[in-house]
Q: 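Sharing a structure below in C-alpha cells format, with a few things to ask.
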Amino acid sequence: MTSTITTLSTELSALLRERFCAAFPDSPEAAAAGRVTPSAKPGFGDWQCSDALQLARSLHMPPRAVAEKAATALPLPGILEKIEVAGPGYLNLTLKPEALAERAFATAEDAVNGGVPQTGAGKTVVLDYSSPNVAKSMHIGHIRSTVIGGALVGIFKAQGYRVVGDNHIGDWGTQFGIIIKGWREFADKDAIARDPVPELERIYKESYARAKADPAWMEACRLETVKLQQGDPENRALWQDFIRMSQHTFDEIYQRLGISFDTTRGESWYQPQLPGIVERLEKAGLAKESRGAIVVDVRELDPALAEQSRAAVDAALAGGDAESAAREDGKWIFIVRKEDGGYNYNTTDLATMDTRVREYAPEKIVIVTDDRQIPHFKQLYLVSEKLGLVPSGTELVHVAFGTITDKDGHPFSTRQGGMPKLKELLDEAHARALEIVREKNPELDAAAAGALAEKIGVGAVKYSDLATDPATTIRFSWEAVFALQGNSGPYLQYAHARIRSLLAKFDAAFPGEDRANAEFLPTDDVERRLLRRLVAYPDAVGAAAAKCKPSLLADFLYGLAQDYSAFYQRLPVLKAEDPGIRNGRARLCAAVAATLKRGLALLGIDAPDRM
Ligand code: ARG
C-alpha cells in the first residue's frame, strides 16, 4: 500500500481555501482561510471551519454572507454530502458516508505508516534524551526525559524522519575529583561489588561534605580532577570504571523500558573541542574576559533581553535589594571558561551543537530535560545561532518538563525518605500489574503471567507520564497509573485486548467470512464518530510531532477508546443479525484495534492480545 500524501483534514482545508479564493479573488486573507477542526457535537457536520468570521472583518461584510458566498462559490466536491452555513457564519462540512468510511479504513489499514504523511522523509532529527549523570542513580525524575524522548523517537520515525537518538551522559566535571578522593579514602569494596551505583553516590556525598568542611580535602579533590583531565593513567582508569558501572545500571533500566540509543556520547567526548569553541567566540567578538573568566553577556545579543534584564535589575534596586539585583544581572552571563581555566556544561553544549550540525545536518535538534534548564537552553540556542554554529532554518527545541510530585503535590519521596529509585518504581508497577493478571487470567503459568505483568506494569508507568503534557507537573498516584476506567495505559491495553478477543470469537463463529474486506457504511452517529476519530490519527501524530508533545497522541488514543466503548455499548457486533452489517462492524473493530496498537507502539508501549 502506498503511503498517504496528505491527511483528510488537510485535504478539506484545501477544498475550502479554493472556495474562499473563488468567492473573494481580491482578498489576500482568503488565500489563508479554510482551516478545519473536527466538529465537537453531532448535528454540526463532520468538520467545521470558522474562518469566515475573521475574513468578514477585512472584507467589511456580515460573516454569514461571507460563509454563504464561500459555500456556494464552486460545485460541491465529490467527497462531500453538504456544506452548511450555521450560527454566526460557521461552515459545517458533512462527508458522504462512503467517503468517510473509505478514508477511515485507508488510514487504519495502512500497515506501513497508518496514513501518516511522510513529511520527514530525507530529513534528520537529533534527539538528546535521558542523559543521566554517571555515579548517580536514575530516579523517578529521570524517567520523564527517557520516556518522553523515547516516545518522540517513535513519533518522528512515523513521519519518515531519520532519528539520531543520543544519550548525552554526564560523564565529566569536577565531581569526578571528589569521587576519586573519596574512593581512595573510604570506598566500601564489598558494597561496590554488590551494587556499585548507590555506593558511588554515597562516596560522592560524603567526600563532598568533607570538602565543604575542610579546605585541605577540597584542594585534594581539585588536584584529583586536574590529574584526571591531564590524562593521569590511574585516575583515568578509575573514571572509566565509574562510567562502566553506571552504564551497566542504566542499561538495565533501558532494557526494561524498551529504550535504545543510536549513540551514547557523554560530555567527555567533546572535551578536545572546547578550547577551539572559546577561541571562535572570542574571534567573533562574542566572548570577553570578566574577572578572570571568559563569558558571553547574552544581553548584548538580544535587545529584548537587555531590556528585560535592565527592568528586573532596576526593580530590585528600587526595592533596595542589592543581592537580588546582582542575581538578576548574573542570570545572563554565559560562562564558557571558568576563572581556573576549566570549561563547563555551557562550553560542552556548544561543542555538542557544533558536532551534531556538522555530522548529521539535522533539520531539528530536540533536547529533553527538566524545566530548571530552560534558561540554560535559551542562552545556549541564542549563542549558537549568533556564533553561526547552526545554519538558519535549523530548528532548536528544548522540551522542558515539570517535576513529579506525590499525589498531594509534595516532593516525591519513599517511606524511607528520598526519591524512589526508578528500579523500585518499576518493580512495584510489576507487582501491581501481576495482581491484575492473576485475577483476570488465573490459568496462566508463572512465566507467562510475569511477562504480561511486565508489559502492563511498565506500560502503565510510561503512559501515565506520556499522557501528561510535558510542560506540566505530574502528581504521581498508583491509583491513577492503574485506573482501569480512566486515562491510563492499562485501560488502553485492555480496550485493545478486548477487541482482539472479540475478533477471535468472530473468526471462530463465522469462519468463512472475509471481514477484512467487508463493506461498511455507518448507520448510527456512534459509528460516524468512530470513523471521524480513526481518520484523524495522522493529525494526532502530526500535532504530537510539531509540538513535541506525546500527550497529544495519548489524548487521541484515549478518545478513540472512549468512542469505541460508546459504539460497543450501543450496537451489536457478534450478535448483529444482518451478516453484512456484522462483517462491516467487525472490520471497524479491527481498525480500532490496529490504531490503538499502532499509536501505543509509537509511545513505546506494548499492546498484548490478552490481559
Ligand atoms: N546530564 C544532564 C542532567 O542530568 C542533562 C543533559 C541534557 N543534554 C544536554 N545536551 N545538555 O541534567
Side-chain angles (χ1 to χ4, degrees), residues 125-150 152-153 163-176 178-179 197 200-201 204-205 239 242-243 246-247 249-251 253-254 257 259 261-271 273-274 277 298 334-336 343-360 362 364-385 387 389-390 394-404 419 421-422 465 470 548:
V125 180
V126 175
L127 246 163
D128 172 330
Y129 68 107
S130 192
S131 307
N133 299 319
V134 165
K136 286 196 189 149
S137 305
M138 281 176 101
H139 56 65
I140 176 167
H142 283 113
I143 196 179
R144 296 209 76 185
S145 178
T146 310
V147 167
I148 294 170
L152 289 175
V153 170
V163 179
V164 181
D166 185 359
N167 193 1
H168 189 79
I169 303 247
D171 64 356
W172 199 246
T174 48
Q175 70 270 32
F176 286 98
I178 299 173
I179 303 171
V197 174
L200 288 176
E201 241 179 323
Y204 172 75
K205 280 191 193 138
W239 167 71
F242 302 154
I243 295 177
S246 291
Q247 186 68 53
T249 325
F250 298 152
D251 286 343
I253 298 284
Y254 294 143
L257 291 176
I259 296 283
F261 298 90
D262 301 293
T263 173
T264 295
R265 274 186 190 157
E267 293 176 16
S268 65
W269 195 88
Y270 300 94
Q271 296 310 306
Q273 303 175 24
L274 305 190
I277 289 284
V298 179
F334 193 73
I335 301 179
V336 292
Y343 302 98
N344 60 11
Y345 192 56
N346 296 342
T347 336
T348 309
D349 257 340
L350 285 170
T352 306
M353 196 71 82
D354 185 44
T355 300
R356 286 176 177 162
V357 166
R358 280 187 291 108
E359 199 159 323
Y360 308 115
K364 289 183 215 278
I365 300 178
V366 181
I367 304 182
V368 190
T369 79
D370 71 59
D371 54 15
R372 287 170 304 180
Q373 297 198 39
I374 289 175
H376 168 74
F377 285 104
K378 254 197 192 138
Q379 301 187 5
L380 174 71
Y381 290 171
L382 193 57
V383 175
S384 302
E385 271 157 13
L387 186 57
L389 291 184
V390 285
T394 309
E395 203 187 331
L396 303 179
V397 187
H398 177 215
V399 178
F401 52 81
T403 42
I404 301 184
M419 290 281 260
K421 303 273 160 24
L422 204 39
D465 190 326
C548 286

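Just so we're clear, the structure is a prediction, and the values are computed from it rather than from any experiment. In each ligand, atom 1 is the first atom listed, and ligand 1 is the first ligand listed. Any value given below was found using the heavy atoms of this structure, including those in side chains, with hydrogens, waters and symmetry copies removed.
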Q: Report, in ascending order of atom number, the atoms of ligand 1 lying under 4.0 Å from any heavy atom of Tyr345.
A: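 Those qualifying, in numeric order: 2 (C), 5 (C), 6 (C), 7 (C), 9 (C), 11 (N).
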
Q: Is Asp349 in polar range of ligand 1, meaning some N or O pair under 3.5 Å apart?
A: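 Yes - when backbone and side-chain N and O of Asp349 are compared with those of ligand 1, one distance drops under 3.5 Å.
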
Q: Are any of the side-chain heavy atoms of Asp349 and Phe377 separated by less than 4.5 Å?
A: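 Yes, at least one pair of side-chain atoms sits under 4.5 Å.
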
Q: Among all protein non-hydrogen atoms, which one is nearest to atom 2 (C) of ligand 1, and what is the separation to 0.1 Å?
A: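 Closest protein heavy atom to atom 2 (C) of ligand 1: Ser131 O, 3.6 Å.
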
Q: Heavy-atom distance under 4.5 Å between the side chains of Thr403 and Asp370, does that happen here?
A: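 In short, these two side chains do not touch, never coming nearer than 4.5 Å.
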
Q: Walk me through it: do Thr394 and Glu385 pass the test side-chain contact (heavy atoms from CB on, under 4.5 Å)?
A: CA-CA 10 Å; Thr394 309; Glu385 271 157 13; over 6 Å; no

Q: Mind checking whether Asp128 has an N or O less than 3.5 Å away from an N or O of ligand 1?
A: yes

Q: To the nearest 0.5 angstrom, please state how far the CD atom of Gln271 sits from the OG1 atom of Thr347.
A: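 Gln271 CD to Thr347 OG1: 8.0 Å, rounded to 0.5 Å.
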
Q: Please determine if Asn133 has a nitrogen or oxygen closer than 3.5 Å to a nitrogen or oxygen of ligand 1.
A: yes

Q: So, regarding Arg356 and ligand 1 (criterion: nitrogen or oxygen to nitrogen or oxygen, under 3.5 Å), is there a contact or not?
A: no

Q: Residue-level breakdown please: for Ile169 versus ligand 1, do any non-hydrogen atoms fall below 4.0 Å on the side chain, on the backbone, on both, or on neither?
A: neither

Q: So, Arg356 side chain and Pro362 main chain: donor-acceptor pair closer than 3.5 Å or not?
A: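 No, because the side chain of Arg356 does not come within donor-acceptor range (under 3.5 Å) of the backbone of Pro362.
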
Q: When you look for heavy atoms under 4.0 Å from ligand 1, do you find them on the side chain of Phe377, its backbone, both, or neither?
A: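 Answer for Phe377: side chain.
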
Q: Would you say Asp166's side chain and Asp128's backbone share a donor-acceptor pair under 3.5 angstrom?
A: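 Not a single qualifying donor-acceptor pair exists.
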
Q: Please step through side-chain contact (heavy atoms from CB on, under 4.5 Å) for the pair Ile169 and Phe261, ending with a clear verdict.
A: CA-CA 12 Å; Ile169 303 247; Phe261 298 90; over 6 Å; no

Q: Please confirm whether Gln373 comes under 4.0 Å of ligand 1, counting heavy atoms of the residue only.
A: yes

Q: With nothing but distance in play, are any N or O atoms of Glu267 less than 3.5 Å from an N or O of ligand 1?
A: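 For ligand 1, there is no N or O atom that lies under 3.5 Å from one belonging to Glu267.
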
Q: Whether the side chain of Trp172 engages the backbone of Tyr345 through a donor-acceptor N/O pair (distance < 3.5 Å, no angle test) should be reported.
A: no

Q: Quick check on contacts: which atoms of ligand 1 are under 4.0 angstrom from a heavy atom of Ile367?
A: 8 (N)

Q: Sub-3.5 Å donor-acceptor pair from the side chain of Ser130 to the main-chain atoms of Thr146, do we have one?
A: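 A pair under 3.5 Å: no.
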
Q: Side chain, backbone, both or neither: which applies to Thr352 and ligand 1 if a contact is any heavy-atom pair less than 4.0 Å apart?
A: neither

Q: Check each atom of ligand 1 against the heavy atoms of Thr369 and keep those under 4.0 Å away; list them by number with element.
A: 7 (C)

